[in-house]
**Student:** 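Mind having a look at this structure? Questions to follow.
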Amino acid sequence: MELIGSSYKGETKNGRMDGKGKYTFPTDTKYEGEMKDGMFHGKGVLHFPNGSKYEATWEHGKAKQGSFTFADGLQYQEKDWDYCDGYDRRFYSERCSGLRPAGESQLTDLHPPHVIPDGCYDCGDGFYDPNTRVVTSYTGRFLRNADDSEHEWIVRTCRKAWDEVVGTDPEKSVATVPEETSNTK
C-alpha cells in the first residue's frame, strides 16, 4: 500500500484488512467501513475529496447497492431525476436558497466560484490543463491524467478561464455606426 501511496488503519486478520477500518487512496478518496479478506465487504462509505460520498453495501470489493450524495447535499436519484435537466437549470444551492439578484448570477453551485488558472478548465473536482492533460485538485495536488474521452468532454462542456478578449467590437457596433450609413430607421 505504501508503494502506491495508499494507507489503511483498522482491524486485520492474517495480515489482510478484515473487520472495520479506513482505507485512503492516493487521490485522498477515503473508504470507511467493513472489510473482509483484504476487500471492501459489508457496509461502507467512500468519501471523495470534493465532499461528495457514496454509501454502499459491498461484496468482495464490488458495490452491490448504494447511493451517491453530492458535496452540497443533493442526493442522486436514478428515477425521477429533475435536477439540472432541460426544464430547470438552477444549481442545487439556488433551489435551496433562491436565485441571486440580477447581475449576480451563479456560474457554479459554489458562490463565488473557484478562480480558474489561465488556459485551464474547472472540471468539477479540480482544474484541467489541456496542454499537459493533467487534472489537479483545487489545492494543487495531482489527481489524474485525462484520456482522450475525458479531454474532449472537458473542452466541450466545462467552464474555462478566459484567454481571449470577449465582448463587442466597437467598429461593428450599431451604436457607433454613423446615421447616414445605418440601415435602421
Side-chain angles (χ1 to χ4, degrees), residues 1 4-7 22-33 40 43-58 61-166:
M1 280 187 271
I4 61 170
S6 56
S7 63
K22 294 181 183 179
Y23 183 91
T24 303
F25 291 88
T27 60
D28 233 12
T29 296
K30 295 173 175 54
Y31 172 84
E32 187 171 350
F40 303 164
K43 293 186 186 261
V45 182
L46 280 173
H47 297 274
F48 298 97
N50 68 358
S52 59
K53 65 181 179 178
Y54 181 68
E55 299 176 74
T57 301
W58 303 80
K62 295 181 182 178
K64 294 298 180 178
Q65 179 182 353
S67 64
F68 184 83
T69 305
F70 293 91
D72 58 12
L74 175 65
Q75 180 102 31
Y76 174 73
Q77 296 172 276
E78 198 165 330
K79 295 181 180 176
D80 301 323
W81 180 257
D82 68 348
Y83 173 69
C84 216
D85 61 12
Y87 301 104
D88 186 352
R89 301 294 296 167
R90 292 176 295 165
F91 292 107
Y92 184 63
S93 60
E94 292 174 310
R95 291 175 87 171
C96 294
S97 305
L99 296 173
R100 298 193 171 280
E104 295 182 27
S105 299
Q106 285 185 225
L107 297 173
T108 69
D109 195 52
L110 177 68
H111 187 77
H114 293 286
V115 175
I116 306 170
D118 288 342
C120 293
Y121 295 80
D122 182 353
C123 60
D125 60 346
F127 300 118
Y128 175 66
D129 183 337
N131 296 318
T132 61
R133 295 177 78 115
V134 170
V135 177
T136 56
S137 72
Y138 294 118
T139 59
R141 289 189 58 234
F142 172 84
L143 292 180
R144 65 186 173 280
N145 291 312
D147 62 14
D148 291 342
S149 173
E150 185 177 25
H151 169 83
E152 293 301 323
W153 181 85
I154 291 172
V155 170
R156 187 178 67 251
T157 62
C158 293
R159 193 170 64 94
K160 181 183 182 188
W162 292 109
D163 61 354
E164 56 194 43
V165 177
V166 295

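Counting begins at 1 with the first residue of the sequence.
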**Student:** In Å, rounded to the nearest 0.5 Å, how long is the span from CD of E152 to CD of E150?
**Tutor:**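 Those atoms lie 11.5 Å apart.
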
**Student:** How long is the straight-line distance from CG of D28 back to CZ of R141, given to the nearest 0.5 Å?
**Tutor:**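 Here the interatomic distance stands at 4.5 Å.
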
**Student:** What residues form a side-chain hydrogen bond (donor to acceptor under 3.5 Å, both in side chains) with S137, not counting sequence neighbours?
**Tutor:**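 Partners of S137 by the side-chain hydrogen bond (donor to acceptor under 3.5 Å, both in side chains) criterion, ordered by chain and then number, come out as T139.
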
**Student:** Give, for atom CZ of R156 and atom CD1 of I154, the distance between the pair rounded to the nearest 0.5 Å.
**Tutor:**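 These two atoms lie 10.5 Å from each other.
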
**Student:** Give, for atom CZ of R144 and atom OG1 of T136, the distance between the pair rounded to the nearest 0.5 Å.
**Tutor:**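 If I round to the nearest 0.5 Å, the distance is 10.0 Å.
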
**Student:** Would you say the ring centroid of F70 lies under 6.0 angstrom from that of Y76?
**Tutor:**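 They do not qualify: ring centres at least 6.0 Å apart.
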
**Student:** Quick one: list whatever passes side-chain hydrogen bond (donor to acceptor under 3.5 Å, both in side chains) with D148, sequence neighbours left out.
**Tutor:**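 Applying side-chain hydrogen bond (donor to acceptor under 3.5 Å, both in side chains) to D148 gives R133.
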
**Student:** Return the set of residues passing salt bridge (Lys or Arg N to Asp or Glu O under 4.0 Å) with D147 (not counting sequence neighbours), or none when no residue passes.
**Tutor:**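 In terms of salt bridge (Lys or Arg N to Asp or Glu O under 4.0 Å), with neighbours along the sequence ignored, D147 is linked to no residue.
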
**Student:** Please name all residues satisfying side chain to side chain contact (heavy atoms under 4.5 Å, CB included) with P26, sequence neighbours left out, ordered by chain then number.
**Tutor:**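 By the side chain to side chain contact (heavy atoms under 4.5 Å, CB included) rule, P26 matches S6.
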
**Student:** Just to verify, what does T24 make a side-chain hydrogen bond (donor to acceptor under 3.5 Å, both in side chains) with, not counting sequence neighbours?
**Tutor:**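 So T24 forms no side-chain hydrogen bond (donor to acceptor under 3.5 Å, both in side chains) with any residue.
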
**Student:** Would you name the heavy atoms of W58 and A63 that are closest together and state the gap between them?
**Tutor:**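 That would be CE3-N, 3.3 Å.
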
**Student:** Using 0.5 Å steps for rounding, measure from the OG1 atom of T69 to the CG atom of L74.
**Tutor:**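 One gets 8.5 Å once the value is rounded to the nearest 0.5 Å.
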
**Student:** Ring pair (Phe, Tyr, Trp, His ring centres under 6.0 Å) between F127 and Y121: does it pass, once the steps are laid out?
**Tutor:** CA-CA 5 Å; F127 300 118; Y121 295 80; over 10 Å; no

**Student:** Using the side chain to side chain contact (heavy atoms under 4.5 Å, CB included) criterion, which residues pair with S52? Sequence neighbours excluded.
**Tutor:**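 Partners of S52 under the side chain to side chain contact (heavy atoms under 4.5 Å, CB included) test: F48, N50, F68.
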
**Student:** Mind checking side chain to side chain contact (heavy atoms under 4.5 Å, CB included) for V45 and listing every partner two or more places apart, or none if nothing turns up?
**Tutor:**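 V45 satisfies side chain to side chain contact (heavy atoms under 4.5 Å, CB included) with H47, K53, E55 only.
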
**Student:** With R159, which residues qualify under side chain to side chain contact (heavy atoms under 4.5 Å, CB included), at least two apart?
**Tutor:**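 With neighbours one apart ignored, the set is L107, T108, P113, I116, D122.
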
**Student:** Any chance you could measure F40, atom CZ, to Y23, atom OH, to the nearest 0.5 Å?
**Tutor:**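 One gets 7.0 Å once the value is rounded to the nearest 0.5 Å.
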
**Student:** If you look at every heavy atom in D125 and V135, which pair is closest and at what distance?
**Tutor:**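 Here D125 and V135 meet closest at OD1-CG1, 3.9 Å.
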
**Student:** Which heavy atom in P130 sits nearest to a heavy atom in G119, and how many Å separate them?
**Tutor:**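 P130 and G119 have their closest heavy atoms at CD-O, 3.2 Å.
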
**Student:** Looking only at non-hydrogen atoms, find the nearest pair between Y31 and K43 and report the distance.
**Tutor:**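 That closest heavy-atom pairing would be OH-O, 3.8 Å.
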
**Student:** Taking only residues two or more places apart in sequence, or in another chain, which ones meet D129 in a salt bridge (Lys or Arg N to Asp or Glu O under 4.0 Å)?
**Tutor:**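 Per chain and number, D129 pairs via salt bridge (Lys or Arg N to Asp or Glu O under 4.0 Å) with no residue.
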
**Student:** Does Q75, at its CD atom, have more than 12 non-hydrogen atoms belonging to other residues, nucleotides or ligands within less than 6.0 Å?
**Tutor:**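 Yes, enclosed.
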
**Student:** By side-chain hydrogen bond (donor to acceptor under 3.5 Å, both in side chains), which residues pair with H151, not counting sequence neighbours?
**Tutor:**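 side-chain hydrogen bond (donor to acceptor under 3.5 Å, both in side chains) check on H151 returns Y128.
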
**Student:** Ion pair present between D118 and K160, side-chain N to carboxylate O less than 4.0 angstrom?
**Tutor:**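 Not counted as a salt bridge, because no side-chain N and carboxylate O are separated by less than 4.0 Å.
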
